[in-house]
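Scroll down for the structure; my scribbles are underneath it.
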Amino acid sequence: MAKNLTPREVDYSKWYNELIIQADLAENSGVRGCMVIKPHGYAIWEGMQAELDRRFKETGHENAYFPLFIPKSYFSKEAAHVDGFAKECAVVTHYRLKNSPDGKGVIVDEDAKLEEELIVRPTSETIIWDTYRGWVKSYRDLPILVNQWANVVRWELRTRLFLRTTEFLWQEGHTAHATREEAIAEAEQMLEVYREFAETVLAIPVVRGTKTANERFAGALESYCIEALMQDGKALQAGTSHFLGQNFAKAFDVKFQDRDGQVKHVWATSWGVSTRLMGALVMTHSDDSGLVLPPKLAPIQVVLVPIYRGEEELLAISLVAKKLVAELRAKGVRVKYDDRDSYKPGWKFNEYELKGVPLRLGIGPRDLENGVVELARRDTLTKEFVAIEGLADSIPARLEEIQQALLDRASARLAASMHRVDSWAEFEAAIERGGFVMAHWDGSPETEDRIKEQTKATIRCIPIDNPLEDGACVLTGRPSIQRVLFARAY
RNA sequence: CGGGAAGUGGCGCAGGUGGUAGCGCAUCUGGUUUGGGACCAGAGGGUCGCAGGUUCGAAUCCUGUCUUCCCGACCA
């Protein structure tokens, strides 16, 4: 097993790749661009799923499951949607293999060509809206508030573990409403769910906003997003929520009869977050010693490591350790006692730091004499001696403190990386330094494109509740009514 | 999908002018160890990414292909 990580300062990208592998989160598979999510990584994802799923249900949503395959004809029904996804779709053309004539392996049976090709879903709007047509007749059938947990495939040309993989896991919510206002409220509500989740569970502060036309979801009238800032100064879209208007309802003929007797098309939203959040989590909190996990998501929150010579000492320590474990479990703390004799304490310390365990308790013979344990905090890499008496009682609060400290640290970094600039020279310099840049923009897609060409920066969003302020576009000098948020992004 | 680099025991690498593969770490056994990745001794493990070709003989030369990394265009 490889050891020291490349420091972030030396090569951030290499640090990220090594960390994912060494912390046992995921690895590349034999399939180009597709990863294997390993148990430690998947446990974290399961934690995210559980927290999100609870929030979805609390806001009235139900889970369902739609097919992996989408008939090609469905895809062509919504023009903007096709444009957005056509270039990255995997297509199933045959349904059978046969033995190769040369006796080596199998080949596609050309006689088994599908009459209509199937798309492997890059997102499920089309199959879902085709289904909803049958579910909606009356205003009484609305709203439909459905979410699905699924995998999707987008044939990416350049992939990175968690951040951009060909296949990824996500949830996609798809809702149908009787009115425009209700659909917009739903999209806004889910954005708020994502923000609250990001901050309280992931400990990642985000900026909420709306996307410009260029960055909008294919087929949406409005895309809302939460944008986070990574340690290297690049932005990452952590979640999106879309107001789809009546585009899909019209494309798939989903209508209902309203109270007033009129037949109307329904109003739609969709919203999603993906395993990309794993990348966001890593790049927000982790350091050169490895992964740093917020306690709410850590599969192991507290690890106990005995330090001993000989059976006798181990027995004495285990007695105390096992009692502590039981007390912590009773308080709902996820705890592990690592009494493996095959590794030395120092090895274990490094291992758990690499894997991001928030708290580590070291217990040796000297500690037993003094009635203390050595308590190490992963986020600060600090150590202190704490009395065993009453220790278990204080652990939940300590975990809470770490959770808060991670959010505070990330929030401070976000605030410090938010720059306001008014000239093109300042703009270029600020983008080059990294971080978010608030600058005036004339509102045209062409200007946005030109800025992207020249600086690689994109408009991440127009922040919610953005104050209106007259100014001049940072590139063209044309009139602008507000500053928008720029950054280079993942 | 274009440009560059790379694939050799589990991991990191050497070898390379063609002659049948080696080092470090990891693994296994035994012993000594255990407060920040222990030490000694012994052992096991590789059809050199894959498929063709050249050759008496290929890890080495040629062709194709797959995968990974970096840079671009595209993107959650």
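In what follows, chains carry the letters A, B, and so on, assigned in the order in which the sequence lines appear, proteins first and then strands, with residues in each chain numbered from 1.
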Would you say [X] reaches [N]'s phosphate, i.e. side-chain N/O to OP1/OP2 under 4.0 Å?
X: A:R366; N: B:G35; answer: no
X: A:R158; N: B:C71; answer: yes
X: A:R309; N: B:U34; answer: yes
X: A:N17; N: B:U68; answer: no
X: A:S29; N: B:U67; answer: no

**Item:** Atom pair distance, as rounded to whole Å: CD in A:Q22 and P in B:A26
**Value:**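 From A:Q22 CD to B:A26 P: 14 Å.
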**Prompt:** Between atom CG in A:N214 and atom P in B:C74, what is the gap in whole Å?
**Reply:**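 In whole Å, B:C74 P lies 11 Å from A:N214 CG.
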[atom1]-based separation of [M] from [N] [nearest Å]:
N: B:C25; M: B:G64; atom1: C1'; result: 36 Å
N: B:C61; M: B:G3; atom1: C1'; result: 25 Å
N: B:C71; M: B:G35; atom1: P; result: 41 Å
N: B:G49; M: B:G44; atom1: P; result: 24 Å
N: B:G52; M: B:G10; atom1: P; result: 22 Å
N: B:A58; M: B:G19; atom1: C1'; result: 10 Å
N: B:A5; M: B:G9; atom1: C1'; result: 24 Å
N: B:U27; M: B:A73; atom1: C1'; result: 45 Å

Residue [X], side-chain heavy atoms: nucleotide from [options] that is nearest:
X: A:F385; options: B:G35, B:C70, B:U33; value: B:G35
X: A:K87; options: B:C74, B:G35, B:C69; value: B:C74
X: A:E156; options: B:U34, B:G37, B:C74; value: B:C74
X: A:K344; options: B:U34, B:C70, B:U67; value: B:U34
X: A:Q237; options: B:C69, B:U27, B:A76; value: B:A76
X: A:F168; options: B:A76, B:G35, B:G36; value: B:A76

**Asked** In terms of ring plane angle, is the pair A:Y343 and A:W347 parallel, tilted or perpendicular, where the classes change at 30° and 60°?
**Response**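 Aromatic pair A:Y343/A:W347 classed parallel.
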**Request:** Can you label the angle between the A:W15 ring and the A:Y12 ring as parallel, tilted or perpendicular, going by 30° and 60°?
**Result:**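 Plane angle between 30° and 60°, so tilted.
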